[in-house]
Amino acid sequence: NWYFLLVNVLVIGSGGREHALSWKLSQSSKVETVFTAPGNGGTENNVLIDVNDLDGLAEFAQKNNCFTVVGPEDPLAAGIVDKFKELNLPVFGPSKKAAQLESSKIWAKNFMKRNNIPTARFEIFDDPQKAQKYVESLDYDVVVKADGLAAGKGVIVCNSTDEAISAIQTILVKKTFGDAGDKIIIEERIDGIEASYIALSDGNVALPMASSQDHKRVFDNDKGPNTGGMGAYSPTPVITDVLAEKIQKEVIEKTIHAMKNEGISFTGFLYAGIMLKDGIPYVLEYNVRMGDPECQPITMRMNFDLYDYFVASVDGTLSSMPLLSWKEKYAVCVVLASDGYPGKYSTNDEITGFNSVSDDTHVFHAGTKKSDGKILSNGGRVLGVTSLGDSLESAISNVYSDTEKIIWSKKYHRNDIGKKGLSYFWVWNILSSVIIQSMFMSCSDFGIFFMICFSSVREIVIMSFFAKNLS
């Protein structure tokens, strides 16, 4: 029962995800101090140790009696969890072997293939000429992916054969992503509705987090290159209760059990990037950590002590924990980026207006730093303005109102975060109205009575039963 003695937490990372996790963990009655390494301009108790300095991080955690939470993918892929466990230091996150689900897209795709987890058909190449010949033989569009870690930018969605050839050149020849692009995956492009599904696992069971939807492209209407994420909202009507159960069983639990059967216990956050088409959830990618920026709206809605669940994950006792509880509100995160991101951008621009945002809004820092009492930009994705609302529409209104209160000369953001969700609600309202009218009009002719039960904001359940002919 080591965790009853621990009052300090070390969160490793410097992004918006780590700020959100630190913020939530600091609210636990069991936690005295949350350290962040190396942190950013918004996090407190920063420790200037690089995320890849595994020895330095372990030494700090040991000296300060810390429970450690690993945020980003790089130290996970480098084996930080294995190192901490060798030193008998409590740490939340997957092992190096388990992290292969994210650190190697080729390993992950082969894993899905051999375990019958739905994903797009694919081929693997390290020769650009063979890759080009392959895409020229196809009659469908493709997605070209660098095998290794590329900060969320190693995926190129192609609209033509020429774009696919260009992507092959970018990754294999120009080496834009360095060693991460020594090999590539060319997979069929599946067009549908994209959503994020995240679960918390202890290697035996997985508890689903609140649903969310990310916005990867840099420009409005999902145009432009992929980024680390330009905004997210939670919950999303895309993931109905029925669909969530399907993803939980056919993707998440299947992944956890298949990993265990292969001798790999998965502990930590398991993130599945899902593309929904014809009712089938295809896995686009795995992450082995909480998504960013999904983490920001999800943590805003948490109605439980996150620290308790991290401890249960490490101890293998998640099955004894209560189901996760969520605030009956929507949350929307809009990422404020430096103009030019994901390409070249400037830094060291002063940012003001933090004290002007409303009580239902929290500004999570990512690419920021403090200098002489000022907050300066220090990266591509700089801030995540995150707001709550009683409805998705009100949460969107709140977040964009507060977004305008944050001022700096190079600020850029999308203007349509969360609006996909509004469009789904609009379509469902129209369809349900038509369905109701049609059903009652046909009731006397066919003796069928229908009840439409709106069981939640995310799901329409249509129930029908046969009765005697009324005519």
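These numbers come from the heavy atoms of this one structure, side chains and all, not from hydrogens, waters or symmetry mates.
- Results of the side chain to side chain contact (heavy atoms under 4.5 Å, CB included) test with V34 over L21, V69, T43, V11 single out V11 as the only residue that passes.
- A salt bridge links R289 with E102: at least one charged nitrogen is closer than 4.0 Å to a carboxylate oxygen.
- The backbone N or O of A120 lies less than 3.5 Å from a partner atom in the side chain of K109, making a donor-acceptor pair.
- Around atom CD of E262, more than 12 heavy atoms belonging to other residues, nucleotides or ligands sit under 6.0 Å away.
- Between K329 and D360, no side-chain nitrogen of the basic residue sits less than 4.0 Å from a carboxylate oxygen of the acidic one, so the salt-bridge criterion is not met.
- For V238 against A195, the heavy-atom pair with the smallest separation is CG1-CB, 4.2 Å.
- Put simply, the side chain of P225 does not reach to within 4.5 Å of the side chain of Y341, judged on heavy atoms.
- Other residues, nucleotides and ligands place no more than 12 heavy atoms under 6.0 Å from the CD atom of E245.
- Within the 3.5 Å criterion, the main-chain N or O of Y307 finds a donor-acceptor partner in the side chain of D305.
- Looking at heavy atoms from C-beta onward, I375 lies in side-chain contact with H365 at the 4.5 angstrom threshold.
- Closest heavy-atom contact between L54 and A78: CD1-O, 3.9 Å.
- For the atom pair K420 NZ and D214 CG, the distance stands at 8.5 Å (nearest 0.5 Å).
- A 4.5 Å side-chain heavy-atom check between K410 and Y412 finds every atom pair outside the cut-off.
- Looking at T36, its side chain never comes within 3.5 Å of a backbone N or O of P38 through a donor-acceptor pair.
- A salt bridge does not link K216 with D222: none of the charged nitrogens is closer than 4.0 Å to a carboxylate oxygen.
- S265 contributes no side-chain N or O that, together with a main-chain N or O of K260, makes up a donor-acceptor pair within less than 3.5 Å.
- Here the closest non-hydrogen pair linking A395 and V332 is CB-CG2, 3.7 Å.
- No more than 12 heavy atoms of other residues, nucleotides or ligands lie within 6.0 Å of CG in D359, so this atom counts as exposed by the packing criterion.
- Taking the six-membered ring where tryptophan is involved, the planes of F67 and F310 are essentially parallel, since the angle between them stays under 30° and well short of 60°.
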One pair to check against side chain to side chain contact (heavy atoms under 4.5 Å, CB included): D402 and K405. What are the steps and the verdict? CA-CA 5 Å; D402 282 337; K405 298 172 185 175; 2.9 Å; yes

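- Across all non-hydrogen atoms, the minimal contact from G42 to H19 is O-NE2, 3.4 Å.
- D147 and S104 share a side-chain donor-acceptor pair at under 3.5 Å.
- In this structure, N115 CG and N261 CG are separated by 8.0 Å, a value rounded to the nearest 0.5 Å.
- With no hydrogens or angles considered, a side-chain donor-acceptor pair links S196 and E294 at under 3.5 Å.
- Side-chain atoms of E73 do not come within 3.5 Å of backbone N or O of A150 as any donor-acceptor pair.
- Rounded to the nearest 0.5 Å, atoms CD1 (I80) and CD1 (I12) are 3.5 Å apart.
- Side-chain N or O atoms of S22 include one that pairs as donor or acceptor with a backbone N or O of E18 at under 3.5 Å.
- Of the inter-residue distances, the one linking S211 atom OG with I274 atom CD1 reads 12.5 Å to the nearest 0.5 angstrom.
- Counted within 6.0 Å of NZ on K97, heavy atoms from surrounding residues, nucleotides or ligands total 12 or fewer; the atom is thus considered open.
- Crowding of K327 atom NZ: a count of heavy atoms from other residues, nucleotides or ligands under 6.0 Å exceeding 12.
- Residues Y271 and E285 have side chains that never bring a donor and an acceptor to within less than 3.5 angstrom of each other.
- At least one side-chain heavy atom of L383 sits less than 4.5 Å from a side-chain heavy atom of W408.
- Minimum heavy-atom separation, A210 to W326: N-CZ2, 3.2 Å.
- No side-chain N or O of S387 forms a donor-acceptor pair with one of N398 less than 3.5 Å apart.
- Checked by atom type and distance alone, the side chain of Y330 never pairs as donor or acceptor with a backbone atom of P297 at under 3.5 Å.
- Rounding to the nearest 0.5 Å gives a distance of 12.0 Å between OG1 of T299 and CZ of R17.
- Taking 4.5 Å as the limit, every side-chain heavy atom of Y233 sits out of range of all side-chain heavy atoms of S212.
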Does K85 form a salt bridge (Lys or Arg N to Asp or Glu O under 4.0 Å) with D82? I'd like the steps, not just the answer. CA-CA 5 Å; K85 287 185 175 180; D82 307 71; over 6 Å; no

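- Here the straight-line distance linking atom CD1 of I171 with atom NZ of K145 works out to 11.0 Å at 0.5 Å rounding.
- Using cut-offs of 30° and 60° for the angle between ring planes, the F111 and W107 rings count as parallel.
- With hydrogens and angles ignored, the 3.5 Å screen pairs no side-chain donor or acceptor of S377 with any backbone N or O of T368.
- Put simply, the side chain of S28 never gets that close to the backbone of L25: no donor and acceptor are under 3.5 Å apart.
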Are K105 and V155 close enough, and set up right, to give a side chain to side chain contact (heavy atoms under 4.5 Å, CB included), and what steps lead you there? CA-CA 10 Å; K105 291 183 178 65; V155 176; 4.0 Å; yes

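- Residues V51 and S14 fail the side-chain proximity criterion, which asks for heavy atoms closer than 4.5 Å.
- In plain terms, the two heavy atoms of A77 and L149 that are nearest each other are CB-CD1, 3.9 Å.
- Around the CG atom of N415, the shell of radius 6.0 Å holds more than 12 heavy atoms that belong to other residues, nucleotides or ligands.
- Atom CD of Q248 has more than 12 heavy atoms from other residues, nucleotides or ligands within 6.0 Å.
- Using a 4.5 Å heavy-atom threshold, the side chains of M302 and I298 count as touching.
- Side-chain atoms of T403 come within 3.5 Å of backbone atoms of V399 as a donor-acceptor pair (strictly under, hydrogens ignored).
- In the displayed structure, K96 atom NZ is contacted under 6.0 Å by at most 12 heavy atoms of other residues, nucleotides or ligands.
- Side-chain contact between K175 and D182 is present, with at least one heavy-atom pair separated by less than 4.5 Å.
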Are D416 and N221 close enough, and set up right, to give a side chain to side chain contact (heavy atoms under 4.5 Å, CB included), and what steps lead you there? CA-CA 7 Å; D416 61 349; N221 301 313; 4.1 Å; yes

